[in-house]
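Both backbone and side-chain heavy atoms feed into the values below; hydrogens, waters and symmetry mates do not. As the structure lists them, so they are numbered: ligands from 1, and atoms in each ligand from 1. This chain uses plain numbering: 1 for the first residue, then up along the sequence.
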Amino acid sequence: MCKGKITETITAKGLTTLDDVRAHTKASASCGSCTGLVEQLMTLTLGDRYNPAAVASMCGCTDLGHDDVRRLIKAKELKTIPAVMQELEWKTSCGCAKCRPALNYYLVCDWPDEYADDYQSRFINERVHANIQKDGTYSVVPRMWGGQTSAKELRAIADVVDRFEIPTVKVTGGQRIDMLGIRKEDLPAVWAELGKAGFVSGHAYAKGLRTVKTCVGSDWCRFGTQDSTGLGVRIEKFMWGSWTPAKVKMAVSGCPRNCAEATCKDVGVICVESGYEIHFAGAAGLDIKGTEVLGLVATEEEVLEHIVALVQMYREQGRYLERIYKWAKRIGYDEVRRQILEDADRRKAYYGRFVHSQKFAQVDPWSERVSGADKHEFRPMATISLEAAQ
Ligand code: SF4
């Protein structure tokens, strides 16, 4: 839609919020890359009547914003989606595609040992643990810890590709192997074969920890100052399975030459002679942004404690679908440094809560489905229709 049409619609319909403009014009409603432009148009058209700082509601089902909903879930100890909707006076009986995934995440995060994940409230990719493609088939990305693999793993992947006639195999930017063009009903069998070789889900579809990209570091590289590969593997094994407000990508580079591109990741580590420089809040997608420096630490243990605490702070404060760079900008980079770098007690408390939540999160969803979980999801519609007709 052109600028003139958008301003005309804002005036004609009396729109005063970004969500209203999105709903009526579709501008800024898909990838969001033109949001700044749309906000400028709103300021030009509405003048003082447009207040971008006003708290936007989560969706049309409630007048409450994300932060208020999160605060009230904790304060009122609300532990199911129906309880949240009833207690916070939702305007709809079942919520919508915006609020249900957000509520499901907030409850998973706040009550890891009590809340039963409502998989029906997840988007399609998270529901079936694979990435849907434009032709309706799926892609599958097994986890490759720190981007390392082996002959055994590669043989297993090659066998799966042959057996299921997978048309495309692609190396991803996160140092893993993507198999594309798999039929939905074949997913459990593909995962079963991959599981025999020791693979677990790479969560390439998840609002959760994706990859920890690494360079070869001091094991092989003449410039390496520390074991960047080993540290990346350690971080990934510690943090995989965690759900976060939006995807989280990490990287560890063995020296400031930064071959793993750690300075455009959500969390990055640059190894130096004196230790490890921790970075956060980078972006290299719709937005391009270099990271902020959190600080320098001396040991791998300290790296782990700091980045786990940072991610837990983001898990507890981030709004659903808000990437780390947006969350950190909103609350302030110095506030992140104050809570994570300078306040050791608070850092350890964040760390402890993450470790506790991992007890319930580190379950491979692929092996669960191989064992029969949600099996109706993977049965062809034709079979279900036939059974229903009998
Ligand atoms: S980042 Fe440094 S240590 Fe790592 S591969 Fe590049 S030059 Fe080597």
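For the atom pair CZ (F238) and CZ (R234), the distance works out to 8.5 Å, reported to the nearest 0.5 Å.
Counted by atom type alone, Y276 and Q226 present one or more donor-acceptor pairs between their side chains at under 3.5 Å.
Atom 2 (Fe) of ligand 1 has C255 SG, 2.3 Å as its closest protein atom, hydrogens excluded (heavy atom only). With respect to atom 6 (Fe) of ligand 1, the closest heavy atom belonging to the protein is C259 SG, 2.3 Å.
Residue-ligand proximity, G224 to ligand 1, at heavy-atom distances under 4.0 Å covers atoms 3 (S). Near C221, meaning under 4.0 Å from one of its heavy atoms, ligand 1 places the atoms 3 (S), 5 (S), 7 (S), 8 (Fe). When each atom of ligand 1 is checked for a heavy atom of G254 under 4.0 Å away, the hits are 1 (S), 3 (S), 4 (Fe).
Under 4.0 Å from ligand 1, the heavy atoms of N258 that appear belong solely to its backbone. Counting heavy atoms under 4.0 Å from ligand 1, residue C215 touches it through the side chain alone.
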**OP:** Would you please test Y205 and H203 for ring-ring contact (aromatic ring centres under 6.0 Å, His included) and show each step?
**Re:** CA-CA 5 Å; Y205 46 81; H203 291 91; 5.8 Å; yes
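Residues Y320 and W243 place their aromatic rings such that the two centres sit no closer than 6.0 Å.
Screening V233, V267, L231 for a side chain to side chain contact (heavy atoms under 4.5 Å, CB included) involving V252 leaves a single residue, L231.
Within the cation-pi definition used here (under 6.0 Å to the ring centroid, within 45° of the axis), K196 does not qualify as a partner of W191.
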